Asks: 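If you scroll down you'll find the structure; I have some questions about it.
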Amino acid sequence: MRTIILSLLMTLSSAMSFAYADDIAEIAHLRETADSLHSIGRTDSAAIVGEQAILLADKCGDPTQIVGTNAAQGVFLRSLGRIDEALQRYEDALAIITSGKFRENPDQEAIEEIASLYINLSVLNLDMQNKDEAGRNAVLAGDWIAKSDDTELKGVIYGVVGSVLTGCGDIDRALKYQDLAYRNSLESGSSDAAFRAAAYTMLLSDRSGDKAAAESWRQKCLSLMPQISSMTSKMAYYQAECSICLKNNDNRGAIIWFDKILGLEGIDNLPFVKFDCYNNMHLAYSELGDYQNAYKTLLQSNVMRDSLWAQEKAESLRDLTIKYETKETQLALAQSEAKRAGTLMWLFAALAVLLIGAVIFIVYATRQKRRRMQREMEFAKIRADIGRQLTQQYIEGLESERRRMAGELHDGVCNDLLAIQMNIKAGKSADSTASMIDACRESVRRISHELMPPEFSYASLDEVVRFFVAKQADANNGKIDFSYDSSAVDADWSEVPDATALEVYRIVQEATGNAVKHSGADEIKVILTLTKEKLEAAVSDNGIYRQKTPAGKKGVGLDSIRRRANAIGGAVSVEAGESGGTHVKLTVIL
């Protein structure tokens, strides 16, 4: 029978493993389908498929899958204008990745989900002109993707981080991340990504005034150019060169690069880029005094604008007639609008961010952050109230115990002493009185033993704790190295009140027991320090606490320590050690 049961359990476990693997595979398929639908503009269908992926991720309980599906669904919902629903999805994803359990030992997939979520937040914060948050999230994305083994993804993420920091005006850090993007892209064999990173770095180096560095990056771009087939990659480089020419008032050079952009295959699918090229080319021609081409390119700009904004067509044509009625008018217009060229770099930087489609962009609204902070404050208040209630219960328990002991003393010891007194007055024999005294002494001893550990009847707090640590060392010989140290400065251990000594002893017991049972430590150190003003007890270990309690329940060890400390007017702190482990410290003002 036992063999049959074990066989059934193994079969059930195997079936559950296969079911879990099937769920993960189905989630991947659903996410791929949703991304494909979104890329072709069927975002409403993508959202429906995305919701199915979320339900399946919740069913299998994999936190990484839950993060990924919620983050992707947030993008679909935001594209559909369902902002409140999108923000809820982002909040669900962030609630998981910011938990200590999720970050304790993240695998590669979890690391990439965290990095992607932070880069999404940075881009969307930049769109909202919240540059401080955009920069902070971009750097967090860079820090997390550094832990990934996927050099191709690292190249993409680093490139977006650099572009976001450029939009935030942080050129120095932007250069650093674009350099990382270039190196990782080369290592992964992604020539297009390396080419784009080199082009952006060339532009940033020129903007920072480092012409030599800009030229060095230009040569890197030219060396990669024969391997580049992507239209968007070539356009990124042409735009960078064009922006540099405009900044240096090289209008002829800028026109050459504008022509290269307009000659790219597939540029007709980017009407706003074409409009921007024509709109700036007529300014360059005007600066050169070539008013015929200035007129021609402005006409092309207006044709593009007519196709993009039909309602402005009549006004554009009127402007065209007025603006180029004479050469003098043309020149005045060119001079007034030439100032706009300085903004071209930032337009290109923003365009570069939008063209990087390898990462899903997600935003976590400031409003939701405030709501979460408010909930955390409410939870902290509730927790404090519960702590006060537990402390009150502990004090009430102490009072109940004191009343019980008082009753025992009154009803037992006092009556025994009265009987002894009456016996003596009656002149009864010494043997009879002695037996009554022995019985009374046993009663007192029993009560005192209920109040204090036996060791306290003949030893000080220092000696009792020293003996306790020694016993623990013997019990864990070969497994845990125990050490104990104590010092009394201008004070005597015997002067510590019994009630205080007992609670300190119990706290040391509890903290040491927690370290032995739950931390996996191989070193535990106990230190007692006594002065005239205060008593300090510290228990340190080098372990890692991984104890798991049932859902909805909480360990009682630390609560017990805090209640005991409160009972004697002490304070307890629990901190992580500098090199790992945990440090529990009790301070009691005497």
Side-chain angles (χ1 to χ4, degrees), residues 191-192 195-207 211 214-215 217-309 316 320 323-324 327 330-331 333-352 354-355:
S191 300
D192 279 285
F195 182 75
R196 288 194 300 271
Y200 300 146
T201 310
M202 175 187 71
L203 177 60
L204 292 172
S205 298
D206 182 83
R207 284 292 182 268
K211 302 296 183 182
E215 181 58 31
W217 284 102
R218 178 177 287 107
Q219 294 306 315
K220 292 176 182 177
C221 289
L222 295 175
S223 67
L224 289 170
M225 182 67 80
Q227 307 173 43
I228 305 305
S229 58
S230 167
M231 183 270 284
T232 56
S233 297
K234 290 181 179 179
M235 183 173 65
Y237 173 67
Y238 295 160
Q239 288 177 325
E241 290 283 21
C242 186
S243 181
I244 292 172
C245 288
L246 288 175
K247 178 178 178 292
N248 296 324
N249 294 319
D250 181 5
N251 291 295
R252 293 189 186 279
I255 291 170
I256 292 172
W257 292 112
F258 278 129
D259 284 334
K260 285 182 176 291
I261 294 173
L262 293 171
L264 286 169
E265 183 178 356
I267 193 65
D268 289 338
N269 295 325
L270 299 172
F272 284 97
V273 175
K274 290 182 66 176
F275 170 74
D276 186 66
C277 287
Y278 287 131
N279 197 43
N280 285 280
M281 284 177 75
H282 92 272
L283 298 175
Y285 279 121
S286 296
E287 286 289 332
L288 294 171
D290 187 349
Y291 300 109
Q292 182 177 359
N293 279 317
Y295 179 85
K296 178 181 177 181
T297 51
L298 183 63
L299 182 61
Q300 290 170 311
S301 170
N302 280 287
V303 170
M304 289 299 305
R305 188 175 65 180
D306 289 343
S307 65
L308 295 171
W309 300 288
S316 299
L320 181 65
K323 290 175 183 176
Y324 286 91
K327 287 185 178 182
Q330 294 169 8
L331 181 59
L333 176 66
Q335 290 174 341
S336 66
E337 293 188 350
K339 297 178 182 178
R340 294 171 52 196
T343 63
L344 190 60
M345 186 198 75
W346 305 114
L347 294 175
F348 287 154
L351 178 63
L354 295 175
L355 291 174

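Since the model is a prediction, treat every value here as computed from it, not as a measurement.
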Asks: Quick one: pull up CG in Leu298 and CG in Asn279 and give me the separation to the nearest 0.5 Å.
Replies: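 Leu298 atom CG to Asn279 atom CG measures 7.0 Å (nearest 0.5 Å).
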Asks: Below 4.5 Å, heavy atoms only, C-beta onward: do Arg218 and Tyr237 meet side chain to side chain?
Replies: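 A side-chain contact exists here, since the closest heavy-atom pair is under 4.5 Å.
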Asks: Run the side-chain contact (heavy atoms from CB on, under 4.5 Å) test on Lys211 and Asn248 for me, step by step, so that the C-alpha distance in whole Å, both residues' side-chain angles and the decisive distance to 0.1 Å come before the verdict.
Replies: CA-CA 12 Å; Lys211 302 296 183 182; Asn248 296 324; 3.5 Å; yes
Asks: Decide side chain to side chain donor-acceptor pair (under 3.5 Å) for Arg207 and Ser243; before the verdict, give the C-alpha distance in whole Å, the side-chain angles of both, and the deciding distance to 0.1 Å.
Replies: CA-CA 10 Å; Arg207 284 292 182 268; Ser243 181; 2.4 Å; yes
Asks: How far apart are the closest heavy atoms of Ser233 and Asp192, and which atoms are they?
Replies: OG-OD1, 3.1 Å
Asks: Distance-only check: which donor-acceptor pairs under 3.5 Å involve side-chain atoms of residues 249-265, not counting sequence neighbours?
Replies:
from, atom 1, to, atom 2, distance (Å)
Asp250, OD1, Gly253, N, 3.0

Asks: Would you indicate whether the side-chain heavy atoms of Leu283 and Asn280 approach each other to under 4.5 Å?
Replies: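 In contact.
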Asks: Return the OG to CZ distance between Ser191 and Arg196, rounded to the nearest 0.5 Å.
Replies: 11.0 Å
Asks: How close do Ala240 and Ala199 get, heavy atom to heavy atom, and via which atoms?
Replies: CB-O, 3.7 Å
Asks: Looking at Ala197 and Thr201, what are the two nearest heavy atoms and their distance?
Replies: O-OG1, 2.6 Å
Asks: Shortest non-hydrogen contact from Ala294 to His282?
Replies: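 Smallest interatomic distance, heavy atoms only, reads O-CB, 3.2 Å.
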Asks: Do the non-hydrogen side-chain atoms of Met202 and Glu241 ever get within less than 4.5 Å of each other?
Replies: yes
Asks: Of all the heavy-atom pairs spanning Ile267 and Met231, show the shortest one and how long it is.
Replies: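 Smallest heavy-atom distance, with atoms named: N-CE, 4.3 Å.
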Asks: Rounded to the nearest 0.5 Å, what separates atom OG in Ser230 from atom CE in Met235?
Replies: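 That separation rounds to 8.5 Å.
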Asks: Once rounded to the nearest 0.5 Å, what's the spacing between atom CD of Gln292 and atom OG1 of Thr297?
Replies: 11.0 Å
Asks: Decide yes or no on side-chain contact (heavy atoms from CB on, under 4.5 Å) for Gln239 and Val273, but give the supporting numbers first.
Replies: CA-CA 10 Å; Gln239 288 177 325; Val273 175; 4.2 Å; yes
Asks: Please tell me if the side chains of Gln227 and Phe195 come closer than 4.5 Å, counting only heavy atoms from C-beta onward.
Replies: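 Gln227 does not reach Phe195 side chain to side chain.
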Asks: For the SG atom of Cys277 and the CD atom of Gln300, what is their distance to the nearest 0.5 Å?
Replies: 11.0 Å
Asks: Using side-chain contact (heavy atoms from CB on, under 4.5 Å), reason through Lys296 and Tyr285 one step at a time and then give a plain yes or no.
Replies: CA-CA 10 Å; Lys296 178 181 177 181; Tyr285 279 121; over 6 Å; no
